[in-house]
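The structure appears right after this line, and notes come after that.
Given the structure is predicted, the values throughout are model-derived calculations rather than measurements. Computation of the quantities below employed the complete heavy-atom set of this structure, encompassing side-chain atoms and omitting hydrogens, waters and symmetry-equivalent molecules. Residue numbers run from 1 in the order of the sequence given.
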Amino acid sequence: MKLTIDKEKKEAAYLQLYTQLKEDILKGHLRQGARLPSKRLLAAEQDISVITVEHAYALLVDEGYAVSRERSGYFVSF
């Protein structure tokens, strides 16, 4: 999975992350049941805040692309 956040873009980082993850899910690169990277790991890899990742994951959950499992992380549900 190749994610990149362009800090020069006007689009918010959480929306960039959300859009890329959603596209990976829809294209089948992330299959149903696949675990998404931890919020801390993804934040560190992309040099963004954990809250930014939380916002992106919240959008994925709200739209039904992912589910949150307590103490387990986020998983693809689509």
Side-chain angles (χ1 to χ4, degrees):
M1 176 170 53
K2 176 85 167 108
L3 301 171
T4 55
I5 303 300
D6 183 354
K7 294 183 180 183
E8 301 299 318
K9 271 188 164 181
K10 289 184 180 181
E11 183 179 36
Y14 80 94
L15 287 174
Q16 292 180 51
L17 183 58
Y18 159 77
T19 302
Q20 291 176 48
L21 287 167
K22 182 175 128 181
E23 287 176 5
D24 282 349
I25 291 168
L26 292 174
K27 290 178 181 176
H29 299 297
L30 291 169
R31 298 189 183 272
Q32 185 175 12
R35 187 173 190 271
L36 296 174
S38 75
K39 295 182 287 188
R40 287 188 178 137
L41 175 68
L42 191 52
E45 286 178 350
Q46 298 298 320
D47 193 30
I48 56 178
S49 75
V50 173
I51 293 171
T52 299
V53 178
E54 285 177 356
H55 283 20
Y57 280 7
L59 282 175
L60 290 170
V61 170
D62 288 347
E63 294 193 1
Y65 294 105
V67 293
S68 172
R69 296 187 191 146
E70 191 172 332
R71 298 187 185 270
S72 295
Y74 289 84
F75 296 83
V76 176
S77 65
F78 189 80

Please tabulate, one pair per line, all N/O donor-acceptor pairs under 3.5 Å involving side-chain atoms of residues 1-11, not counting sequence neighbours.
unit_1 : atom_1 : unit_2 : atom_2 : d
Asp6   : OD1    : Glu8   : N      : 2.9
Lys7   : NZ     : Asp47  : O      : 2.5
Lys7   : NZ     : Asp47  : OD2    : 3.3

Fill in the blank from the handout: Going by chain and number, the hydrophobic cluster around Val67 (ILVMFWY, side chain to side chain under 4.5 Å) further includes Phe75

Problem - side chain to side chain donor-acceptor pair (under 3.5 Å) partners of residues 17-38, not counting sequence neighbours, each pair once - result: Tyr18-Glu63

Handout entry: Leu41 reachable from Leu30 in the ILVMFWY side-chain graph, under 4.5 Å edges
Key = no

Exercise for the section: Could you give me the CA-CA distance, side-chain angles and deciding distance for Leu42 and Leu17, then say whether side-chain contact (heavy atoms from CB on, under 4.5 Å) is met? Expected result: CA-CA 10 Å; Leu42 191 52; Leu17 183 58; 3.9 Å; yes

When the side chains of residues 50-62 are checked against the rest of the protein, which donor-acceptor pairs come out under 3.5 Å, sequence neighbours left out?
unit_1 : atom_1 : unit_2 : atom_2 : d
Thr52  : OG1    : Ser49  : OG     : 2.9
Glu54  : OE2    : Lys39  : NZ     : 3.3
His55  : ND1    : Ile51  : O      : 3.2
Tyr57  : OH     : Pro37  : O      : 2.6

Fill in the blank from the handout: Applied to residues 64-78, the side chain to side chain donor-acceptor pair (under 3.5 Å) test, sequence neighbours excluded, yields none

